[in-house]
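Every heavy atom of this structure was used, including side-chain atoms; hydrogens, water molecules and symmetry mates were not. Predicted model, so just to flag it, every value in this text is computed and none were measured.
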Amino acid sequence: MTDTKTPADNGGRASGRYRHITHVMLLLQRSDGRVLTVRHRMSSTHSPGLLTVVGGHLEEGEFAQQAALRELVAGTGAQVAPADAEFCQLVHYLDRAGERSMGVAFTARRWQGEPRNTEPDKHTGLVWVQPGNAPSDCHPYTRTVLANFASGTTLYEEITAPDEAVAAPATERGGAA
């Protein structure tokens, strides 16, 4: 008998193997050391009002670096040449609902175009942050990715979501320097 269940119908399994979401991130870093983040709208299901690094999800047929570069263009309009996107770190995240995902982060210090909020339906603005002193309203996943980046940790990190949600700011804010 052939297994006709999709991975979603089969608890994340296809052909008996577990499959899960892969996040991709691109840490765009200015010469002053700040890294670009996006502030999510309060309507976001995963990061309401919180800051996250620029990224998204791996799509079928993509390699992680391709997906990170695509997500950067989609979210900010800025473009990075593949040769300028360097592997930064791999994270394995467990959220409060018990769902696991892998995250692959890249860094870039050179890009073309001025970053801008090209997804105003998802984000209220862009914010450049100090990776070693991330604001309190960063998503816990983002806070760990930024701390690892600032400390030079570039291999692998397991991240478990805190039991309590991170407090979002009182109002939706736009970008800040």
> Taking all non-hydrogen atoms of both residues, which atom of Ala108 and which atom of Trp111 are closest, and how far apart?
Replying inline: O-CZ3, 4.2 Å
> Would a distance-only check, ignoring hydrogens and angles, find a side-chain to backbone donor-acceptor pair under 3.5 Å from Arg109 to Asp84?
Replying inline: no
> Has the side chain of Gln89 got a donor or acceptor atom that lies under 3.5 Å from a matching backbone atom of Val145?
Replying inline: yes
>> Go through it in stages, so that I can follow the logic: the residues are Leu36 and Leu26, the test is side-chain contact (heavy atoms from CB on, under 4.5 Å), and I'd like the CA-CA distance, side-chain angles, deciding distance and then a yes or no.
In response: CA-CA 9 Å; Leu36 187 63; Leu26 205 143; over 6 Å; no
> Taking atom CE of Met25 and atom CZ of Phe106, what is their separation to the nearest 0.5 Å?
Replying inline: 9.5 Å
>> Going by side-chain contact (heavy atoms from CB on, under 4.5 Å), Val38 matches just one of Leu126, Thr142, Thr124, Val127. Which one?
In response: Leu126
> Is Gln65 reaching over with its side chain to a backbone N or O of Ala85, donor-acceptor style, under 3.5 angstrom?
Replying inline: yes
>> According to ring-ring contact (aromatic ring centres under 6.0 Å, His included), does anything in residues 51-77 pair up with another residue at least two apart or in another chain? List the pairs.
In response: His23-His57
> Does the Arg116 side chain pair with the main chain of Ala78, one donor and one acceptor, at a distance under 3.5 Å?
Replying inline: no
> Is it true that a side-chain atom of Thr37 and a backbone atom of Val53 form a donor plus acceptor pair closer than 3.5 Å?
Replying inline: no
>> For a quick test of reading the model, state the closest non-hydrogen atom pair linking Tyr141 to Gly103 and the distance between them.
In response: OH-CA, 3.1 Å
> What closest approach, in Å, do Val24 and Ala68 show between heavy atoms, and which atom pair accounts for it?
Replying inline: CG2-N, 3.7 Å
> CG/Leu50 to NE2/His139 distance, rounded to the nearest 0.5 angstrom?
Replying inline: 6.5 Å
>> To the closest 0.5 Å, what do you measure between CG (Leu94) and CZ (Arg100)?
In response: 4.5 Å
> Closest heavy-atom contact between Met42 and Pro48?
Replying inline: O-CB, 3.3 Å
> Going from CG on Leu28 to CZ on Arg110, what distance comes out if it is rounded to the nearest 0.5 angstrom?
Replying inline: 12.5 Å
> After noting the C-alpha distance and the side-chain angles of Thr144 and Val91, does the key distance pass the side-chain contact (heavy atoms from CB on, under 4.5 Å) rule?
Replying inline: CA-CA 9 Å; Thr144 301; Val91 294; 5.6 Å; no
> For Val73, does its backbone N or O pair with a side-chain atom of Thr76 as donor and acceptor, under 3.5 Å?
Replying inline: no
> Where is the tightest heavy-atom contact between Ala74 and Thr118, given as atom of each residue plus distance?
Replying inline: O-OG1, 2.5 Å
>> Run the side-chain hydrogen bond (donor to acceptor under 3.5 Å, both in side chains) test against Glu62 and tell me which residues pass, sequence neighbours left out.
In response: Arg70
> How far apart are the closest heavy atoms of Cys138 and Ala134, and which atoms are they?
Replying inline: SG-CB, 3.8 Å
> Which pairs count as salt bridge (Lys or Arg N to Asp or Glu O under 4.0 Å) when at least one residue sits in residues 122-136, sequence neighbours excluded?
Replying inline: Glu119-Lys122
> Looking at His40, Arg41, Arg39, which hits side-chain contact (heavy atoms from CB on, under 4.5 Å) with Ser47?
Replying inline: His40
